[in-house]
Structures are given as C-alpha cells and as structure tokens.
Asker: 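Got a structure here, written out as structure tokens. Questions coming.
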Amino acid sequence: MADAGEPEGPERKDDIVKAKQEGKELTKEEKQRLRKEKKQQKKSKEKKDDKPSRDSEKEKKPASAASPAPQTPTQPPAQKAPSAAPAPVPVPASETPSAADKPAKSKAELKAERRARQEAERASKGKKGDVGPQAAPGKPKAPPSELQPVVKRLPEHVQVDNPEVLKKLAKKLERQQTPEYNAATKVKIPLRSDYGYKVSLFSHLHQYSRKAPLTQQLGIPSTVIHPAIVRLGLQYSQGIVAGSNARSVALLHAFKQVIRDYTTPPNEELSRDLVNRLKPYISFLNQCRPLSASMGNAIKYIKKEISNIPSQCKEEEAKRKLLNCIDCYINEKIVLAAKAIAKYSIEKISDGDVILVYGCSSLVNHILCEAFEKNRKFRVIVVDSRPRLEGREALRRLVQKGINCTYVLISAVSYILPEVSKVFLGAHALLANGYVMSRVGTSQIALVAKAFNVPVLVCCETYKFCERVQTDSFVSNELDDPDDLIVTRTGTTQLEHWQEVPSLGLLNLVYDVTPPDFVDLVITDLGMIPCTSVPVVLRVKNVDQ
Amino acid sequence: MPGPDKETDLTERIEAFLFDLNRGGSGAGPLRGSAETARETTALLRRITAQARWSSAGDLMEIIRNEGRRMTAAQPSETTVGNMIRRVLKIIREEYARSRGSSEEADQQESLHKLLTSGGVSDENFRQPFAALKPNVIEAINELLTELEGTTDNIAMQALEHIHSNEVIMTIGRSRTVEAFLKDAARKRKFHVIVAECAPFCQGHEMATSLSKAGIETTVITDAAIFAVMSRVNKVIIGTQTVLANGGLRAVNGTHTLALAAKHHSTPLIVCAPMFKLSPQFPNEEDTFHKFVSPHEVLPFTEGEILSKVNVHCPVFDYVPPELITLFISNIGGHAPSYIYRLMSELYHPEDHEL
C-alpha cells in the first residue's frame, strides 16, 4: 500500500476536495476505517467478480463522495495489470469489453477473467518489487533484485509421517510412464515400503531394508526403466556403489548410456522429451536410495544442458554434444578438482605428521597417496565405525601404497588423539550455513579433535556445495537398514529378535552435520576457505552460470 | 591339627581367587561385576583374618598387605580388589586405636598443624596385642560386607529424585548399577533411553535388551552417532569402572567422547558409582592407566594380508576428566566431583595408598 501511496495521494486529495465540496467532512480516522472496510470488501468480492464491482464502484465514485477509498484500491490493480507484462495482456483486453456490458455477463467469461486475473496476480507476486496484494499494507518497496522468494517445496523424503504426501508420491509415480510404450504393459515405478520399527524422533524419514530392494517389484523386462538405471538402482540400494563421488560418477555414466540409446520420438523435441524421459529414472533411483547433494547438482546440470540444446540441432549431433558435456563435467568437477585439492593439501602436510582420517573418502585417500608419492614422511591413523566399517577399505588402499597405518575404532579416538597432529575429513555436502554434512561420526571426531586442539581440515569439491541449511542431524537424514546393527559375539546374538520386543528400536543413521566452529579449514578446488564462505562460493557459481 | 589344614585351605582359596582374577580380565567384559569382585575380596580377607596366624595388628596388616599386593598384581585393572584391601586395613587401624583407647580420628587428618606439632614419625607400629581385636575386626568386616550387599539398591532408590517423565536419557555400554537405577525409575515414570552400543564388545546390546524387557522405550545407536543424537538428550547417566582420586573416571572406552558431547550441549553427566569403586590412584600413570586387549576384536584375522603391516589398538578404558562430570551418585548420596577427595580421606588411610 505504501508504494501505491504516491499515485493515490493526489487522488485522495481530489476526493477529499470533492467531499469537502459536496459538504461532507470526513476525519482522518474515518477515512482510514473506510479504506480498510473497502479493502476487505474488495478482497471478498474479488473472489467472485470484482471487475463488475470495480466498474460499478468506479462509476459510483464520481456519484457518491462517501467512498474515497475504493478508488485507491481500484487504481493499483488497474495499474498493476498492465505493468505485469506477460500474462495479463489479455486482461485489459477482457476488461474493456466487460466494462461495456457490465451487468449481462456469462459465467464462462467471468471464470476466464478470474483465471487471467489470478495469473496476473501470481506473475506480479513473483516480482518482489511490485505492489503486493492489497491485503498486505505497509510493505516496503524491495529492490527488484534477482533474490527469489524462497518458497520451496519440502522434499518428499522428509515427510514420511504425512500420509497425504505419500499418496501424492504414489500417484506421481503412477503417472510417470513413457507414453510411447505399449499401453497394455502399464508398468509403473513401484513405491518402496518402510521396514521395521522406526524410532519416534525419525518417524518423518524412510527406513528401508536391504533385503527388499526395489528391483524385486519390477517386472521383467522392465520397459519403463532403462536397464542401466535398474542396475544402478540395485547397486545403490545394496551399497555396492557408495560414496558421493562414486555415486555421482556412476549416475553420469548411466545417463550417458541412456542418452546413447535414446531416439527422439516423432513430433517431439529432444530437449523436452529427454528431460521427461529422465524423470521416472530419477524417481526410481530416489526410491532405491535417496539422492545425495552431489547427485542432485549433477542432475540439475544435465537437465540444464539438455534444455539448452537448440531445436534445430540434429539428433546425432545433440547426443554427441550431451555426451561431451557429461564427460567435461566429470573431468572438471571431479578429476581435476581432486588434483587441485591435492595440490593445496600437500602444502598442509609436513614431514613427521600424524594424520587422522575417518572412514573411506575417495578424495582424502587420493590426497594421501599423492602426498606419499611426493615423498612426504607421515603416518596415518584410520578411524572406523560400525556397522559399515568403511575404514577397512581405506586401510587397504593406503597400505597397498606403502603408507604406515594404524587402525582403531571410533570409541578409541580419545585414546589416540594425543598422538595426532592433523585431522583430514571428507564431506558429503557443504551446506549454505557452513555446516558440513558427512558420514555419521565425523562431527564426533571433529568435537574430540577440538577438545585436544588438533586442527581439522575438510576436503570437498565445489560441486558438492548445496543451498540447503540445516542445524541438526534429525530433520533431514537417511536411515539405513536397522538389521545391520545386529552382531554375533561370543556365540550369542543379543538383538536377533529385536522386532518382537515392542519397546526396542535400532537406529542406523547415515549422515550427520558438523558445526562450522569445529572445522578449521575447507580445502576446495577454488582454494582454501573457511567454512562460513560456502554461500559466497555458491553465489559466485550461480553468477557464472 | 586344625592349624595346617586351615592354612592349606586358606592358601588354596587365595590361589583360586588369584586365578579367577587373572582369567577374568581377558577383555570380553568382566566375567563378574565389580560388586561381586568386591564381595569376594572382602570375604577372602575376612577368612584370612579368621584363619591366618597373627598376634598383633601389625602382623595382620603385614599379611593382608602381602596378599593384597599379589592380588592387585594378578589383575591391575580390577581396582576394587585394592580398594577393599585398603578399607580392611583402615578397619584394622580403627579397631586397634579403639582398643588402645586413643581417638584415632584426629590423627587421620594430615592437617598442617599436625605436621608442625607431631615432630617426627608417630610411633604407631601396631605391636600391642589385644585379645578382642580379632572378633572386632571380623565384625567390622561383616558390616562392610552388608554395606556392599546393599549398594546397588541404595543407588537405585535415588533414581526418582533425578529422572522426571518424558526424559530422554543416554547411556553407554553395560553397567549393572545404571540398569538397576533406570529400572527402578521406570516403575513410576515413563522415559526414553538411548544406549550407545560401545564397540567392539557391544555390551550396549545386552543393556538394551534388558531395559526393553522391563518395558522401557529403548533405542540402540552406534558409537558414531553419539554426537548426532546428543542434541535431543536431556541427561547422560553412565556407570564407571573406577572413580579416581581427583574425581575423574576410568570408564569404558567411548565415555570421554560421550562426556565431551554432553559438555558441548550442556547436558548434565551423572555417574552412578558405589563407594567401593573409589580408588586413591591418580590418572598420571601413563603405563598402567590403559589396558589393551587383543586387536582381533577390532581387525579380525580374516582381513589377512594387511594385518602384518598395520598397528591396531584396542584400548578398554578411557579417562574422563572431572570437569566434564556434573554429579556422582553413590550409595551414600550425591556428590560433586570436587568432593571426592574428602570421601577418600574418610575411607582410606593415607599410608595405605601405596600397598
């Protein structure tokens, strides 16, 4: 309302003058009250038919002076409609004929006008610099910048406790079928069901069992989903392909295969049809195992590249271009980034260092191997945790290179930390508020390292930076198969029948977030930055793109 | 003659006990709880008092000290043995002093005044024989045994003062004291317990099954998730193997991480430890503080080729400094860690700190 104050000021004065001329003396409060009443009336009327009322009010206006206010709300929408450029072009056109035959109006025309008006309003709402709807008084004029209002949809995988969302997802999966295939073989993407008793704090997340992979519910041959994607989904859900770099690279290779096997159907454009073709694949992979931040960024990149293919491009050339793009992406963001990060990190490794690493991070392993080849003298302590025991894989790789290694479990980390001089950690994603999302246990290591005053360095490529923010490990996480926690020791399996005991739950978290005050340095391919500079990097990347 | 038979019987019992101690420390968790060890030690000491040949208090103390040295050498990490021996030595001193008629109370405290005015080593060589000493000592040891029987119940009785409804309590590994504590509170209050499994022995699993059978909502988490879930935890209640003289703990490995996480989130850390776990040791002995067991638990032999090129550690205990602890709950009530030194001076005589 405030920024419409300028144009309506003089008009109000005119009204006041008119009112005074007509002998009515309205006080300021009465005027405000009237204005508010009219605003509310306006809002309720707009839902039905405001154009005729507006017209009628416009006509009433010169007649009766007791309504200076309705003019003011009528002016801004009339101004707004032409200013909101694309959609409401038909609106003024429809307004003018309706103004002519105001009383006799058919329902269909009213509906059309209403819809056009709503679209106009939605389009205008999208631009922050515009006048807000009349119901929002006093909104300061925001600079029409590129800052989009963050009206994001909450992802499905953190709304498991909402049955409506699940129903919507099931319907969406049913709808996602490629139309060209035989309608008789209506194979839909199955919905994976949760397994076991979920701890109440995590009832909003999925918990799947590894013994029931999604592929068991698919028919053979699965005509909807490309076999490379089916294989990839199975590899994800069984944990054969694990680690965010490995998963992204596998995903991109599978997409390359899909693109190679793709043929544009007639009367369709490659740029649009291929994106639609990829959607069910992505839903399927999401069901097999929730997508990681790096995979999300890779998918965004691919979709953008596909949509940017000019329509006159021939199919062969377009496919070649896309394959080239994907190769470039992998090369730049993963391979070359690893080289750059290794170069920076080697400056930080000095002779005689004792370096602590946690779990198996491909990037950290690469760094250590490079440093060893450059003849730095150091030894490594590998910390591992149940139930994944990924540290053993890292241990094997480092020992093969010939690096002197020690191996402990995470519960012994406060015993071993006094010997350690540096801690190198890998990351799954870096969040926009500076938190590091990584394998569960990373935050614990950072905490204990901080208590012993040992520097903590996180190594992360920039393609893993994501715009989400998170402060704890509960709201968005992944729950792995709870049966993994069962172990047989000295002949007895204590938790074997945990499902039968009603008050017992097993929790197998996959990720946790490390607060930025535990992390001393983040080494990326752009250089060495503090944890809090992540949103700066994101902004720079967005501007570049 | 009953003498030699009794003696051989006695030595047999002592040897059997030493053997048990030696074997019990193989690392798969204590085969017996600390309470049992304490009770057996005290019973054995009572038997020694009754059956060994001694004429004066000094002789008895000498015998007990020798046996005690052998017992602690058999299993250095089992500190309750040493603690009980020191308690019995203190009992003997007290009874001797009472028989002699002087008040030993004042002599116990090594106050500055005492140091200045005593003017030399006090002439206490405990050589005076008293007839009533033996039954008095045995009676006092019996009292000690009764106290030991009731420790777990005494601690569990205090549970309702510390746990309210709808709490989330975190614990690690398996402690019989904490188990009894939580079960007692569960009779009247509803709360949720998160148990960290404490690899590699995973004793947390036993604790979780036992608690869930008592109807308590239990969740088992891995050690790696301790910091991740700590933000939702209201209290951390743990048991310990030993309470050190400075108020610190020697507890199962992973407890230090738990204590640091609790400190970061300002969650109170409560330690349920009966009095017999209080030990006059300080944590500065680098060699004897840690105990290691077979690394097979951590990296099994099935891993093959890399085993020979890798160092593997499997420590059993962790040191927790007293700054991270909020409260001790023992069978005589609750104390702050800064009070432990007073309790120690009441339980043990300073000359017995080194056996």
Side-chain angles (χ1 to χ4, degrees), chain A residues 199-201 358 381-382 384-387 392 395-396 399-400 402 404-416 439-448 450-451 471-474 477 482 485-487 489-490 493-495 497-498 501-509 511-514, chain B residues 28-29 168 172 192 194 196-206 208-209 211-229 231-232 252-257 259-261 263-264 290 295 297-299 303 305-306 309-315 317-320:
Chain A
V199 179
S200 58
L201 284 169
Y358 176 62
I381 299 181
V382 179
D384 203 7
S385 76
R386 282 193 73 240
R392 291 194 188 163
L395 191 67
R396 266 179 232 125
V399 167
Q400 264 179 5
N404 184 358
C405 291
T406 307
Y407 179 79
V408 287
L409 286 182
I410 195 170
S411 38
V413 81
S414 50
Y415 160 72
I416 203 100
R439 185 67 79 219
V440 67
T442 311
S443 55
Q444 213 163 296
I445 302 227
L447 168 79
V448 186
K450 185 98 187 158
T471 51
D472 60 35
S473 322
F474 289 85
N477 208 329
L485 290 184
I486 301 177
V487 70
R489 279 204 51 89
T490 62
T493 320
Q494 284 287 337
L495 296 177
H497 305 290
W498 69 277
V501 184
S503 39
L504 184 60
L506 302 186
L507 186 59
N508 191 357
L509 284 178
Y511 298 118
D512 72 6
V513 283
T514 310
Chain B
V168 179
I172 187 169
H192 192 120
I194 300 181
E197 67 179 6
C198 190
F201 303 115
C202 294
Q203 290 186 315
H205 293 188
E206 279 180 52
T209 33
L211 287 176
S212 57
K213 290 216 174 84
I216 304 177
E217 280 280 330
T218 320
T219 305
V220 178
I221 62 166
T222 52
D223 297 330
I226 287 177
F227 185 73
V229 306
S231 51
R232 295 293 175 274
V252 75
N253 69 338
T255 312
H256 188 210
T257 311
L260 283 171
K263 185 84 181 187
H264 181 262
H290 281 289
E297 309 286 347
V298 174
L299 194 62
E303 288 297 314
E305 316 109 26
I306 55 175
K309 307 179 192 147
V310 174
N311 297 327
V312 183
H313 296 290
C314 186
F317 297 122
D318 243 356
Y319 169 62
V320 182

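By convention in this document, chain letters (A, B, ...) are assigned in the order of the sequence lines, proteins followed by strands, and residues within each chain are numbered from 1. Basis for what follows: all heavy atoms, side chains included, without hydrogens, waters or symmetry-related copies. As the structure is a prediction and not an experimental result, all values here were calculated from the model.
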Asker: Give the minimum heavy-atom separation between B/P200 and A/L409, together with the two atoms involved.
Answerer: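 Smallest interatomic distance, heavy atoms only, reads CB-CD1, 3.8 Å.
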Asker: For the residue pair A/Y415 and B/D318, what are the closest heavy atoms and their distance?
Answerer: N-OD1, 4.4 Å
Asker: Which bit of A/Y358 comes within less than 4.5 Å of chain B, counting heavy atoms only: side chain, backbone, both or neither?
Answerer: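 The side chain, not the backbone.
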Asker: Do A/Q444 side-chain atoms and B/I226 backbone N/O form a donor-acceptor pair below 3.5 Å?
Answerer: yes
Asker: Indicate yes or no: at least one non-hydrogen side-chain atom of B/V220 is less than 4.5 angstrom from one of A/L504.
Answerer: yes
Asker: Would you say the side chain of B/F227 lies within less than 4.5 Å of the side chain of A/V440, judging by non-hydrogen atoms?
Answerer: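 Not in contact.
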Asker: Who wins among B/V229, B/V168, B/T255 for the most heavy-atom pairs under 4.5 Å with chain A?
Answerer: B/V229
Asker: Do A/V399 and B/V310 pass the side-chain contact (heavy atoms from CB on, under 4.5 Å) test, and can you show the C-alpha distance, the side-chain angles, and the key distance before you say yes or no?
Answerer: CA-CA 8 Å; A/V399 167; B/V310 174; 3.6 Å; yes
Asker: Of all the heavy-atom pairs spanning A/L447 and B/T257, show the shortest one and how long it is.
Answerer: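 Smallest interatomic distance, heavy atoms only, reads CD2-O, 4.3 Å.
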Asker: Quick one: pull up CD1 in B/I306 and OH in A/Y407 and give me the separation to the nearest 0.5 Å.
Answerer: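 Atom-to-atom, B/I306:CD1 and A/Y407:OH are 8.5 Å apart.
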Asker: For chain A, which candidate among B/E197, B/K263, B/R232, B/H192 shows the most heavy-atom pairs at distances under 4.5 Å?
Answerer: B/R232
Asker: Before you tell me yes or no, could you show the steps for B/T209 and A/L495 under side-chain contact (heavy atoms from CB on, under 4.5 Å), namely the whole-Å CA-CA distance, both residues' side-chain angles and the distance that decides it to 0.1 Å?
Answerer: CA-CA 7 Å; B/T209 33; A/L495 296 177; 4.0 Å; yes
Asker: Between A/S411 and B/A199 (side chain of the first, backbone of the second, donor and acceptor by atom type, cut-off under 3.5 Å), is there such a pair?
Answerer: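 Yes; judged by distance alone, with no hydrogens or angles, the pair exists.
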Asker: Pick from A/V448, A/V513, A/D512: which one has the most heavy-atom pairs with chain B under 4.5 Å?
Answerer: A/V448
Asker: Please check if any side-chain donor atom of B/S231 sits under 3.5 Å from a side-chain acceptor atom of A/D472, or the reverse.
Answerer: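 Side-chain D/A pair, B/S231 to A/D472: absent.
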Asker: Is it the side chain or the backbone of A/V413 that comes within 4.5 Å of chain B heavy atoms, both, or neither?
Answerer: side chain
Asker: Against chain B, label A/A412 side chain, backbone, both or neither, depending on which of its atoms sit under 4.5 Å from a heavy atom there.
Answerer: both
Asker: If you count heavy-atom pairs within less than 4.5 Å of chain B, which of A/R396, A/R392, A/H497 leads?
Answerer: A/R392
Asker: Heavy-atom pairs under 4.5 Å with chain A - which of B/I216, B/T218, B/T222 has more of them than the others?
Answerer: B/T218
Asker: With a 4.5 angstrom heavy-atom cut-off, is it the side chain or the backbone of A/I381 that approaches chain B, or both, or neither?
Answerer: neither
Asker: By a 4.5 Å heavy-atom criterion (distance strictly below it), what part of B/L211 contacts chain A: side chain, backbone, both, or neither?
Answerer: neither
Asker: Tell me, side chain or backbone of A/I445 under 4.5 Å from chain B's heavy atoms, or both, or neither?
Answerer: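 Neither the backbone nor the side chain of A/I445 comes within 4.5 Å of chain B.
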Asker: Applying side-chain contact (heavy atoms from CB on, under 4.5 Å), run through A/T406 and B/H313 and close with a yes or a no.
Answerer: CA-CA 8 Å; A/T406 307; B/H313 296 290; 3.4 Å; yes
Asker: Which atoms form the tightest heavy-atom contact between B/H205 and A/L485, and what is the distance?
Answerer: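 Between these two residues, the closest heavy atoms are CE1-O, 3.2 Å.
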Asker: Tell me, out of A/S200, A/S473, A/S385, who's got the most heavy-atom pairs with chain B below 4.5 Å.
Answerer: A/S473
Asker: Less than 4.5 Å apart, any side-chain heavy atom of B/L299 and any of A/L395?
Answerer: yes
Asker: What distance separates A/I410 CD1 from B/N253 CG, expressed to the nearest 0.5 Å?
Answerer: 11.5 Å
Asker: Run the side-chain contact (heavy atoms from CB on, under 4.5 Å) test on B/K213 and A/S503 for me, step by step, so that the C-alpha distance in whole Å, both residues' side-chain angles and the decisive distance to 0.1 Å come before the verdict.
Answerer: CA-CA 8 Å; B/K213 290 216 174 84; A/S503 39; over 6 Å; no
Asker: To check you understand the geometry: which heavy-atom pair defines the closest contact between A/V501 and B/S212, and what is its length?
Answerer: CG1-OG, 3.5 Å
